[in-house]
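Below is one structure, written out as structure tokens; comments come after it.
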Amino acid sequence: MRTLALSDEILMKVDKAARYIGGEVNSVMKDKNDVDIRFAMCFPDVYEIGMSNLGMMILYNMFNEREDVWCERVFSPWMDLDKVMREEHIPLFALESQEPVKEFDFLGITLGYEMCYTNVLQVLDLSHVSLLAKDRKEDDPIVIGGGACAYNPEPIAEFFDMFYIGEGETVYDALFDAYKANKAAGGSRADFLFVASQIPGIYVPSLYNVTYKEDGTIASFTPAKEGVPEKVCKQLITDVTKDYRAIKAPVVPFIKATQDRVTLEIQRGCIRGCRFCQAGMIYRPTRERNVEDLKASAREMLQNTGHEEISLSSLSSSDYSELKELVNFLIEEFHGNAVNISLPSLRIDAFALDVMSKVQDVKKSSLTFAPEAGSQRLRNVINKGLTEENILHGAGEAFKGGWNQVKLYFMLGLPTETEDDMKGIAHLAQKIAETYYEEVPKEKRNGKVQVNVST
Ligand code: B12
Ligand code: SF4
């Protein structure tokens with residue numbers, strides 16, 4: 001029987017104890033004596049945020065399909081538990097086995113955005129693993145970073161033994177096989193790092209000499225040892241029909257996760273290329289998944305989880321060429337069974353409004369637009385490809401369709417921004433509000449208009 005890492009007394013004391021106990025439906029249990037590699041897959045944020053990340057779930061399923069690997073999940077403890085763990089010297093543990101991360105072969109950390117960097121240090125510290133890679137001992141886990149921020153690893157290079165640059169679906173077999181072979185041959189940690197550096201996409205910071213300019217950008221980047229590749233190239237799956245590793249049975253949390261639903265990834269990448277957007281650049285090129293595969297996957301995941309909502313995930317769902325076909329299928333197949341369909345990142349056009357009024361009870365909820373900049377000049381600078389006319393037309397259509405709340409997302413501090421661009425935010429919001437009163441006759445208005453501006 002599994003023994004929990006935390007006593008009942010601690011679990012009763014902390015907020016949301018279900019964050020720490022594992023044992024959820026579809027979580028993967030193995031016998032640690034039957035595997036060669038134990039991988040602790042960490043999302044450095046609280047459970048509810050981490051359990052909403054599809055990347056981590058894809059890797060968890062994929063790694064666990066290998067019989068010789070047991071991949072478990074690790075999240076950042078909330079501050080209440082952090083305090084108790086430090087006071088009582090309880091090391092950070094993985095959810096499935098409830099065993100200390102320090103005993104694992106690998107600690108994989110997803111780096112989704114830069115603000116999680118301090119959480120990475122918290123995870124290492126609570127795991128009793130040295131913060132700096134150079135201080136780690138032979139029996140410490142290999143700390144590997146991946147995800148969006150791994151594309152620019154230098155700011156955090158000292159804390160990682162290696163980074164994986166690209167989509168995790170590609171070279172993990174080679175990495176695990178190399179680890180096993182090194183272990184069997186009695187090789188050291190340094191031996192493994194050298195072998196790993198030969199695998200495409202793996203960057204081992206300790207095997208490179210990097211110098212920096214005064215502004216912190218890189219001046220030179222050279223291998224520190226013969227045989228280490230000069231360049232590390234991003235790896236990605238090119239054929240998302242053949243090589244996509246669809247999740248069949250996502251883990252179902254006991255508590256409400258931020259994304260409390262089935263996530264169906266419909267495509268990778270984004271055709272838009274807005275200049276400020278890191279995701280738009282690094283996930284290139286755009287690759288659409290086959291619509292028939294998506295239908296089968298939706299059915300399978302809903303059946304295996306009992307979720308009552310499915311979300312179509314991508315960077316820009318409106319650009320998926322088979323969206324109509326897929327949405328109509330989901331409506332026909334599942335909407336009658338009380339399954340809600342959620343469509344984030346849609347451009348507001350006639351189709352989107354039609355779909356949204358069919359699939360969601362959103363008549364009274366709000367619609368979101370992301371003009372990003374207040375003036376047309378600045379929207380052009382950042383390549384947003386959205387005119388004031390598009391925005392007002394979209395808002396007008398939404399108001400005529402029964403919505404009376406609009407959320408607007410903007411960014412402050414964009415390159416070349418002036419005070420006029422900032423004032424443009426207020427002016428655009430005002431014009432949107434006026435559009436409501438111009439487009440919707442008094443007797444058809446659903447109360448006052450509400451425009452919510454976030455910067
Ligand atoms: C679901 C989601 C959320 C969820 C879950 C949290 C999360 N980070 O996933 C919620 C709603 C909570 C959320 C919140 C936020 N999000 Co968000 N979110 C997404 C979304 C829609 C999907 C993420 C995903 O599952 N991607 C798909 C998977 C397959 O890709 P992946 O995660 O990169 O993983 C692959 C590889 O990177 C690699 N990999 C990843 N980790 C590792 C680790 C190892 C060891 C290895 C080997 C490989 C590897 O393998 C995976 C499989 O190929 C993306 C947009 C998108 N479609 O990508 C935005 C996105 C990630 N979010 C973003 C932002 C800005 C945020 C917030 C900061 C928003 C805010 N202001 O509050 C917060 C941050 C919270 C947090 N701590 O992450 C940005 C990040 C941009 C950036 N890097 O600067 C994105 C890209 C959206 C955008 N266009 O701007 N988000
Ligand atoms: S549409 Fe969204 S995801 Fe695509 S490039 Fe622009 S901001 Fe990035």
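In this chain, numbering begins with 1 at the start of the sequence shown. All ligand and atom numbering here is 1-based and tracks the order in the structure.
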Which residue and atom name correspond to the protein heavy atom nearest [atom], and how close is it?
atom                    : result
atom 31 (P) of ligand 1 : Tyr283 OH, 3.7 Å
atom 2 (C) of ligand 1  : Gln259 NE2, 4.3 Å
atom 37 (O) of ligand 1 : Gly147 CA, 3.2 Å
atom 6 (Fe) of ligand 2 : Cys274 SG, 2.4 Å
atom 8 (Fe) of ligand 2 : Cys277 SG, 2.4 Å
atom 84 (O) of ligand 1 : Gln278 OE1, 3.5 Å
atom 22 (C) of ligand 1 : Ser313 OG, 4.5 Å
atom 34 (O) of ligand 1 : Gly55 CA, 3.5 Å
atom 87 (C) of ligand 1 : Leu315 CD2, 4.5 Å
atom 27 (C) of ligand 1 : Glu265 OE2, 3.8 Å

Does [X] have a non-hydrogen atom less than 4.0 Å from ligand 1?
X      : result
Phe106 : no
Ser314 : yes
Tyr172 : no
Gly166 : yes
Met57  : no
Met41  : yes

Are any of the protein's heavy atoms under 4.0 angstrom from [atom], yes or no?
atom                    : value
atom 29 (C) of ligand 1 : yes
atom 71 (N) of ligand 1 : no
atom 12 (C) of ligand 1 : yes
atom 61 (C) of ligand 1 : no
atom 18 (N) of ligand 1 : no
atom 5 (C) of ligand 1  : yes
atom 74 (C) of ligand 1 : yes
atom 90 (O) of ligand 1 : no

Using only atom types and a distance under 3.5 Å, with no angle test, would you say the side chain of [X] pairs donor to acceptor with the backbone of [Y]?
X      : Y      : answer
Gln376 : Glu388 : yes
Glu300 : Ala296 : no
Arg136 : Pro141 : no
Ser76  : Asp45  : yes

Exercise. In terms of atom number and element, which parts of ligand 2 are under 4.0 angstrom from non-hydrogen atoms of Leu315?
Worked result: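 Once the distances to Leu315 are compared, the set is 3 (S).
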Problem set entry | Phe276: numbered ligand 2 atoms lying under 4.0 Å from its heavy atoms |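 Result: 7 (S).
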Exercise. Taking it one step at a time, do Phe75 and Arg19 satisfy side-chain contact (heavy atoms from CB on, under 4.5 Å)?
Worked result: CA-CA 8 Å; Phe75 301 101; Arg19 284 170 171 162; over 6 Å; no
Given [options], which has its nearest heavy atom closest to [atom]?
atom                    : options                       : value
atom 49 (C) of ligand 1 : Thr110, Ile58, Leu59          : Leu59
atom 76 (C) of ligand 1 : Phe63, Tyr409, Tyr113, Phe39  : Tyr113
atom 51 (C) of ligand 1 : Gly168, Cys277, Ala148        : Gly168
atom 23 (C) of ligand 1 : Ile109, Asn53, Asn152         : Asn53
atom 52 (C) of ligand 1 : Glu167, Glu114, Glu169, Met51 : Glu169
atom 44 (C) of ligand 1 : Gly146, Ser52, Ser317         : Gly146

Exercise. Between Arg377 and Asp420, does at least one N-O distance fall below 4.0 Å, as a salt bridge requires?
Worked result: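 Not counted as a salt bridge, because no side-chain N and carboxylate O are separated by less than 4.0 Å.
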Exercise. When you check the gap from the basic side-chain N to the acidic O, do Asp140 and Arg189 get nearer than 4.0 Å?
Worked result: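 A salt bridge is absent here (no side-chain N lies under 4.0 Å from a carboxylate O).
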Problem set entry | Close approach, Gly273 and ligand 2, non-hydrogen under 4.0 angstrom |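 Heavy atoms of Gly273 do come under 4.0 Å of ligand 2.
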Counting only heavy atoms not in [X] (residues, nucleotides, ligands), do more than 12 fall under 6.0 Å from its [atom1]?
X      : atom1 : value
His307 : NE2   : yes
Glu138 : CD    : yes
Glu158 : CD    : no
Glu67  : CD    : no
Glu114 : CD    : yes
Lys295 : NZ    : yes

Exercise. What part of Cys270 sits under 4.0 Å from ligand 2 if we count only heavy atoms: the side chain, the backbone, both or neither?
Worked result: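 Side chain only.
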Answer yes or no: is there a side-chain heavy-atom contact under 4.5 Å between [X] and [Y]?
X      : Y      : value
Val35  : Val69  : no
Tyr60  : Asn64  : yes
Ile165 : Tyr151 : yes
Thr416 : Leu378 : yes
Leu236 : Arg268 : no

Ligand-residue contact atoms, ligand 1 with [X], heavy atoms, under 4.0 Å:
X      : answer
Tyr164 : 47 (C), 48 (C)
Ala279 : 86 (C), 89 (N)
Arg268 : 29 (C), 53 (O)

For this session: Consider every N or O of Thr258 and every N or O of ligand 1, then say whether any pair is closer than 3.5 Å.
Result: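 For ligand 1, there is no N or O atom that lies under 3.5 Å from one belonging to Thr258.
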Exercise. Purely on distance, is any nitrogen or oxygen of Asp45 under 3.5 Å from one on ligand 1?
Worked result: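 Among all N and O atoms of Asp45, at least one is under 3.5 Å from an N or O of ligand 1.
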Please verify the inter-ring angle class for [X] with [Y]; under 30° counts as parallel, over 60° as perpendicular, anything in between as tilted.
X      : Y      : value
Phe221 : Tyr203 : tilted
Phe334 : Phe329 : perpendicular
Tyr172 : Phe176 : perpendicular

For this session: Verify whether one side chain among Tyr179 and Asp105 offers a donor that lies under 3.5 Å from an acceptor in the other.
Result: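 Yes, side-chain donor-acceptor contact under 3.5 Å.
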